[in-house]
Amino acid sequence: MNADYILIIYFTLMNKRKKVKRSTLAARAGVNVRTVSRAIDALTLAGVPVYSETGPDGGYYIPDDYVVSQAAFSAEEKARIINCIHAAKKNFTDNVCDNVLDKLGSLAAADANYLVRSESLIIDASGWNAAHPTGAKISVLGRAVNDKKTVRMKYVDRYESSSERYFDPYCLVQKSGMWYVYGWCHRRKDFRLFKIARIEDVVVTEQTFVKKPSDVYEKLRGDFPDHDTVAFTIEFTNLILPEIEEWLGTDAIEDKGTCYVAHAEMFGGNQLVSKLLSFGSSVTVTQPSFLREELAVECKRMLNNYSMP
């Protein structure tokens with residue numbers, strides 16, 4: 001069977017996102033209905049979730065939550081597909097080819113940070129700045145996850161110790177506003193959850209891997225060997241109430257009448273200190289004492305940096 005027919009049927013279903021009758025797909029692709037059935041089987045084997053319903057209103061369809069990622073096609077593959085569609089466009093009287101070209105255009109490199117993009121859910125791995133190193137690393141790791149390729153990466157732990165590791169990435173994870181990659185670490189011979197911000201460099205190798213049985217959700221229930229959490233209490237006024245609500249959530253905040261108090265537990269270290277300092281004098285940490293000391297030390301360093309000659 002000619003692969004062109006499969007592409008036409010695939011993109012017709014992607015464009016419609018509703019039930020399309022087998023006879024309609026056959027007419028669009030210029031084949032008979034049996035060829036359509038074989039094309040649907042081929043798409044299913046390739047991992048495309050094509051569903052069917054019987055009855056007068058039945059047909060084939062692809063669910064709305066199915067998204068083609070940037071990693072699905074290389075730049076050369078996308079260019080080849082676009083050239084083929086342009087060449088075949090004159091053979092069709094409908095606008096399917098134009099719709100396909102629009103969808104391929106949405107997979108441009110500028111959108112590589114959109115890990116999920118649908119009408120109901122968007123996950124953007126980039127920051128607000130135009131250049132964002134974490135977003136670039138997430139894009140590289142995402143391709144390695146999809147292609148099941150081992151990566152070589154330089155990782156810096158919380159003690160500032162740097163090491164080169166070979167790693168099989170299974171999935172990307174976002175928790176508590178931070179990005180991680182989960183998979184099998186060749187060096188440790190165990191499953192690890194690495195903080196992507198601590199990866200200094202990552203390169204996809206030509207080595208493929210087969211996933212071992214694992215449970216990423218067990219890691220997400222609280223086993224973070226590379227991080228310590230800190231339970232803390234802060235006091236603040238209503239001037240920054242919206243900012244604290246956005247950061248910690250309304251359930252963590254108590255109204256004490258003369259001030260607001262919030263209790264939370266988060267990852268410690270420089271990230272927590274920097275976040276608390278960003279509120280300036282509007283926030284006071286009351287507990288624990290060691291966190292107060294860390295803030296005081298950092299404030300003294302800042303004063304030394306800005307002291308007048």
Side-chain angles (χ1 to χ4, degrees), residues 45-49 66-74 77 112-116 123-127 132-231 264-275 290-291 294:
L45 287 173
V48 180
Y66 175 73
V67 178
V68 183
S69 70
Q70 165 79 8
F73 301 109
S74 67
E77 289 170 338
N113 291 311
Y114 288 105
L115 302 184
V116 175
I123 298 179
D124 185 355
S126 67
H132 197 272
T134 300
K137 287 181 285 189
I138 288 174
S139 180
V140 172
L141 289 165
R143 291 197 297 272
V145 168
N146 284 319
D147 296 339
K148 293 184 173 58
K149 290 288 186 70
T150 299
V151 300
R152 184 179 74 251
M153 65 185 190
K154 184 178 180 182
Y155 189 73
V156 180
D157 63 24
R158 61 181 175 137
Y159 302 108
E160 302 303 319
S161 175
S162 177
S163 61
E164 185 175 271
R165 302 168 184 252
Y166 284 86
F167 180 68
D168 299 339
Y170 286 16
C171 64
L172 298 172
V173 175
Q174 188 187 57
K175 183 165 183 175
S176 296
M178 290 183 283
W179 283 98
Y180 299 84
V181 59
Y182 171 81
W184 177 262
C185 178
H186 292 213
R187 181 180 181 182
R188 298 298 183 187
K189 305 296 183 186
D190 196 7
F191 295 102
R192 286 290 188 270
L193 196 63
F194 289 114
K195 187 176 181 182
I196 292 179
R198 290 191 174 276
I199 299 175
E200 287 193 344
D201 186 46
V202 58
V203 176
V204 180
T205 72
E206 292 301 317
Q207 179 181 344
T208 59
F209 63 85
V210 177
K211 284 187 176 182
K212 307 175 189 293
S214 66
D215 184 6
V216 64
Y217 299 100
E218 182 179 358
K219 285 285 187 185
L220 296 178
R221 282 191 285 269
D223 183 10
F224 285 79
D226 194 34
H227 297 85
D228 292 325
T229 58
V230 176
E265 184 172 355
M266 307 189 76
F267 292 119
N270 292 335
Q271 183 169 351
L272 178 58
V273 170
S274 298
K275 181 65 177 180
F290 73 83
L291 182 56
E294 288 182 19

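Computed from a prediction, not measured in an experiment: that's the story for all the values here.
- Within the model, atoms OH of Tyr155 and CZ of Arg192 stand 10.5 Å from one another, a figure rounded to the nearest 0.5 Å.
- Results of the side chain to side chain contact (heavy atoms under 4.5 Å, CB included) test with Phe167 over Val181, Val202, Thr150 single out Val181 as the only residue that passes.
- The CD atom of Gln174 lies 9.5 Å from the CD1 atom of Ile196; values are rounded to the nearest 0.5 Å.
- Two residues are said to be in side-chain contact when any heavy atoms from C-beta on lie closer than 4.5 Å; Ile138 and Trp179 meet this criterion.
- To the nearest 0.5 Å, the span separating CG on Leu193 from SG on Cys171 amounts to 8.0 Å.
- The environment of CG in Asp190 is crowded: more than 12 heavy-atom neighbours from other residues, nucleotides or ligands sit within 6.0 Å.
- Ring planes of Trp184 and Phe191: perpendicular class, angle over 60° (limits at 30 and 60°).
- Taking NZ of Lys211 as the start and CG of Asp168 as the end, the distance is 10.5 Å to the nearest 0.5 Å.
- The side-chain hydrogen bond (donor to acceptor under 3.5 Å, both in side chains) search around Ser274 returns none, not counting sequence neighbours.
- Within 6.0 Å of NZ on Lys154 lie no more than 12 heavy atoms contributed by other residues, nucleotides or ligands.
- Atom CD of Glu200 is separated from atom NZ of Lys137 by 8.0 Å, given to the nearest 0.5 angstrom.
- Closest non-hydrogen pair, Thr205 versus Lys149, comes out as O-CD, 3.6 Å.
- Between Leu291 and Val273 the shortest side-chain heavy-atom distance falls below 4.5 Å.
- Of all non-hydrogen atoms in Ala144 and Val151, the two that sit nearest each other are CB-CG1, 3.6 Å.
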For side chain to side chain contact (heavy atoms under 4.5 Å, CB included), just list the numbers for Arg165 and Ser163, CA-CA rounded to whole Å, side-chain angles, deciding distance to a tenth of an Å, and then say yes or no. CA-CA 6 Å; Arg165 302 168 184 252; Ser163 61; 3.1 Å; yes
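- The shortest distance between side-chain heavy atoms of Met153 and Phe194 falls below 4.5 Å.
- Residues Tyr182 and Tyr217 are not in side-chain contact: their nearest non-hydrogen atoms beyond the backbone lie 4.5 Å or more apart.
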